[in-house]
Every structure is written in C-alpha cells, then in structure tokens.
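Whatever order the structure lists them in is the order used to number ligands and atoms, beginning at 1. Atoms considered below: every heavy atom in the structure, side chains included; atoms not considered: hydrogens, waters and symmetry mates.
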Amino acid sequence: VTGTNAVGSGTGVLNNAVSPLNTTLSSGKYYLQDNTRGQGIFTYNANNKSSLPGTLMSNTTNAFTTSTDKAAVDAHFYAGKTYDYYKSTFGRNSYDGNGTSLKSTVHYGSKYNNAFWDGTQMVYGDGDGTTFIALSGGLDVVAHELTHAVTSSESNLTYQNESGALNEAISDIFGTVVEFKTQSSKADYLIGEDIYTPNISGDALRSMADPTLNGDPDHYSNRYTGSADNGGVHTNSGIINKAAYLISAGGTHHGVTVSGIGIDKLGTIFYRANTTYLTSSSNFSQARAAVVQAASDLYGSTSAETTAVKNAFTAVGVN
Ligand SMILES: CCCCC[C@H](S)C(=O)N[C@@H](Cc1ccccc1)C(=O)N[C@@H](C)C(=O)O
Ligand SMILES: [Zn+2]
C-alpha cells in the first residue's frame, strides 16, 4: 500500500514479544509492510485457503497481538532478520541482490504441516498442532525458506537427488547460521525445534549434529537411493548437514577428526560456494570441490579452514 512508515509491535507464535515491527500506515490502518529493507517486506494472510498471496495483513492499531496475527508477526520479523544477515554479512540486497521485495503468506491451507518457497514468495502453514505449530514461528524455518530463494538466484541447484539434498542442506545451514547470529542465546544445530511437536520437548525435525536421531544418514555409504521426496532431499541433506556441523563445531566422525572453525566462517564459505562454484547439477563430490575451493579462496589452500572442510567431507564419506 501507499502510506507512511510506522513502527509497531506484536506477539509471536510462541507468545514472544516482537518489537520493533516495521509497518505502513495507510488510510487509518496499519499494514505488515516494511519499507525499510530493499523494496519492502510484505506479509499476507491466506485465511486458511490456498490461493496466494492472500490479503496484506492489516490492523486498526499498530499492535499485532491477536491469535491470527502471531504467525504473520514472526514471518514478518524473521524475514527482516534474515534480510539483515545477508545484507550485513555479504552486502546482498534481498534474495536476488537487487532488493526485490520479500513476500510471505501465513495461514496457508488447512492444518498444513509445511512451509515452502514457491518461486516468488514464502508460504507457511499453521501445522496441525501436533506435528507442527505455525511454522513461521521458527527463525530457522524462515531463513531456510528465504535461502531457497537465494539458491534459486545463484547455483539454482536442481531440487532432486544429490543436487536437491545440497539445496536442502544449504537452507538448513543458513537457517542455523541466521539463528546463531540473531538468537545467539537459544541457537543450536537443530532444525525446526521451536515449532516441531509442541507436546515433546528437546526434539526437532532434523539435527545437523546427529542426523541419525531422525533416521537421516550422516555418511555417504548410508545415503537413500530411492525416489521418495524427490530422491530423499530431506534425508540425504543429513550427510551435508553433518559435514557442515563438523566444519563449524569440530569433532571426530568415522575416525576422522575435524578442528572446528566456527559458525561465521561456515556461512561465509558456503555462501561463496553457492554464489561462485555450485551449479544446478552439482552432486556431493562436486560440492566438496566447490566448498574446498571457496575456503581456499577465502583463507588459503593450506589454511586451517580449508583443512577443516576437507576433513569434514572425508568424515562423511564424500571425496
Ligand atoms: C511443499 C513441498 C515441500 C517443500 C519443501 C520445503 S522447501 C521445505 O523443505 N520445508 C521445510 C520446512 C521446515 C524447515 C525447517 C524446519 C522445519 C520445517 C521442511 O523441512 N519440510 C519437511 C517437513 C518436508 O517437506 O519433508
Ligand atoms: Zn526446503
């Protein structure tokens, strides 16, 4: 909408206080439209239907605190935080580098247990209340989906088999990196922990530290070779997620010891790989080469960073 910039507040999915919330005042109504980042961040309500984008979220006051507001408040705020990470860390203006506006829709479908990037916008379900609660309530979910947009603009990894698992792992990696940079006190290497199984504490949809906790492989010899889930893109991502975990945190896996280099460098290395070396058809072995080259460019071919990358990929059986 055309209006004036305003700063409001809200309540998130986990009943967390959210402030500041960048909004737009137009004709006496406040909209979830943030004009301070790129060409804007716009958050919509699908009203539990499946037509997109739905209606731009509005309120008569600048306090978004109703139950309907909560998923939108987090989607809006976390999209802004993810935008900030890419802009401040790499100078990247929005997912395409051109400041293209970020659109999110919440309350998609009925009890929809998923979130996705549809090629032009982020989409979030409410969950069924048992497997998931509203998925935009997880910062790692929002950063996961927005990172698919970055990947689509860069390597454009094909969403199936090994390139698809790489695509998924890169989204999990940046979901985690953004969580560490934005919510440092509650950051972890778990994926979806904030919005997964509200009745079970301590679990998550995936674990980068130990993918086997959810039945996902942590070594290439255990990869899934079937056709489900586009060739196991959410399963075989565990192999790359484990390598990423080892690069950042270090550890010994299958007899190979990795000296961790930290979460910031993990993000910097994978960002360079995704924007410079990976292509739509890259497989795991080619991804190793891409990430090694990225680390070498950044820190030197004999650096501790490059050594950590090599050892981590070896540890998960990718050569
Ligand atoms: C619509 C068809 C599937 C789209 C897949 C999207 S990109 C995706 O990977 N969504 C994430 C959502 C997510 C992210 C982080 C944490 C929790 C949940 C995902 O992992 N979806 C799982 C449930 C899946 O599709 O199997
Ligand atoms: Zn995904």
Side-chain angles (χ1 to χ4, degrees), residues 13-14 46 50 52 71 74-75 78-79 81-82 95 103-106 108-180 182-183 186-198 200 202-209 211 213-217 224 226-238 240-241 244-245 270 274:
V13 171
L14 299 171
S50 52
L52 295 171
D74 279 338
Y78 289 153
K81 290 301 179 188
T82 305
Y95 60 88
K103 292 180 182 172
S104 304
T105 295
V106 297
Y108 174 83
S110 173
K111 301 183 185 305
Y112 187 67
N113 281 324
N114 222 332
F116 58 95
W117 169 261
D118 79 345
T120 59
Q121 66 161 101
M122 290 164 275
V123 185
Y124 301 95
D126 290 329
D128 60 13
T130 303
T131 302
F132 289 110
I133 57 175
L135 282 91
S136 59
L139 171 56
D140 54 3
V141 181
V142 173
H144 174 111
E145 301 312 338
L146 192 43
T147 295
H148 277 304
V150 173
T151 295
S152 296
S153 298
E154 296 292 343
S155 62
N156 196 26
L157 284 158
T158 301
Y159 201 70
Q160 68 172 358
N161 303 329
E162 290 191 14
S163 55
L166 282 165
N167 192 321
E168 272 298 309
I170 288 168
S171 276
D172 283 350
I173 288 165
F174 285 99
T176 296
V177 171
V178 172
E179 199 176 284
F180 269 92
T182 307
Q183 299 178 324
K186 57 179 279 200
D188 52 36
Y189 290 94
L190 297 171
I191 305 291
E193 69 282 359
D194 290 340
I195 45 83
Y196 185 63
T197 58
I200 304 169
D203 68 342
L205 181 66
R206 293 184 289 276
S207 167
M208 297 179 69
L213 288 175
N214 298 79
D216 298 327
Y224 172 74
S227 59
D229 188 31
N230 297 298
V233 299
H234 293 96
T235 301
N236 291 330
S237 55
I240 304 300
N241 281 349
Y245 169 76
F270 269 84
N274 199 15

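- In this structure, Tyr108 and Phe116 have perpendicular ring planes: the angle between them is above 60°, well past the 30° mark.
- At a heavy-atom cutoff of 4.0 Å, ligand 1 is contacted by no atom of Tyr108, backbone or side chain.
- Side-chain contact of Asp118 with Thr120: a donor-acceptor pair under 3.5 Å is present, judged by distance alone.
- A donor-acceptor pair shorter than 3.5 Å can be found between the side chains of Ser155 and Asn274.
- Counting backbone and side-chain atoms alike, Glu145 contributes no N/O/S atom closer than 2.8 Å to the Zn ion (ligand 2).
- No side-chain donor-acceptor contact under 3.5 Å links Thr105 to the backbone of Val123.
- The pair Asp216-Arg206 fails the salt-bridge criterion, with no side-chain N (NZ, NE, NH1 or NH2) lying under 4.0 Å from an Asp/Glu carboxylate O.
- In this structure, CE in Met122 is found 6.0 Å from CH2 in Trp117, a value given to the nearest 0.5 Å.
- Taking the six-membered ring for Trp, Tyr189 and Phe180 have ring centres closer than 6.0 Å.
- Shown are Thr131, Leu135, Asp140, Asp74; of these, the side-chain contact (heavy atoms from CB on, under 4.5 Å) with Ile195 is made only by Leu135.
- In the vicinity of Ile191, heavy-atom distances shorter than 4.0 Å reach the ligand 1 atoms 15 (C), 16 (C).
- Within ligand 1, counting atoms from 1 as listed, the ones closer than 4.0 Å to a heavy atom of Tyr159 are 5 (C), 7 (S), 9 (O).
- Not a single N or O atom of Asp172, backbone or side chain, sits closer than 3.5 Å to an N or O atom of ligand 1.
- Protein heavy atom at the shortest distance from atom 6 (C) of ligand 1 is Ala115 O, 3.2 Å.
- Close approach of ligand 1 to Tyr112 (heavy-atom distance below 4.0 Å) involves ligand atoms 1 (C).
- When only non-hydrogen protein atoms are considered, atom 4 (C) of ligand 1 lies nearest to Phe116 CB, 3.8 Å.
- Taking the Zn ion (ligand 2) as reference, the nearest N/O/S atom within His148 carries the name NE2.
- Among protein heavy atoms, atom 13 (C) of ligand 1 sits closest to Val141 CG1, 4.1 Å.
- Residue His234: no N/O/S atom is found under 2.8 Å from the Zn ion (ligand 2).
- Checked against the 6.0 Å centroid threshold, Phe132 and Tyr196 count as a close aromatic pair.
- Counted by atom type alone, Glu145 and Tyr78 present zero donor-acceptor pairs between their side chains at under 3.5 Å.
- Proximity to His148 (heavy-atom distance under 4.0 Å) selects the following atoms of ligand 1: 7 (S).
- For ligand 1, the polar-atom distance check against Glu145 finds a nitrogen or oxygen pair separated by under 3.5 Å.
- If you number the atoms of ligand 1 from 1 as listed, the ones under 4.0 Å from a heavy atom of Leu205 come out as 17 (C), 18 (C), 20 (O), 23 (C).
- Geometrically, ligand 1 and Asp140 share no nitrogen or oxygen pair separated by less than 3.5 Å.
- Atoms OG and CG, on Ser171 and Leu166 in that order, are 11.5 Å from each other to the nearest 0.5 Å.
- When rounded to 10 degrees, the angle formed at the Zn ion (ligand 2) by NE2 (His144) and OE2 (Glu168) equals 120°.
- The closest donor-acceptor contact from the side chain of Asn214 to the backbone of Leu205 lies under 3.5 Å.
- Scanning the protein heavy atoms around atom 20 (O) of ligand 1, the nearest turns out to be Arg206 NH1, 2.8 Å.
- The protein heavy atom nearest to atom 26 (O) of ligand 1 is His234 ND1, 3.6 Å.
- Of all the heavy atoms of Tyr124, none lies under 4.0 Å from any atom of ligand 1, so neither backbone nor side chain is involved.
- Nearest protein heavy-atom contact of atom 25 (O) of ligand 1 is Asn114 ND2, 2.9 Å.
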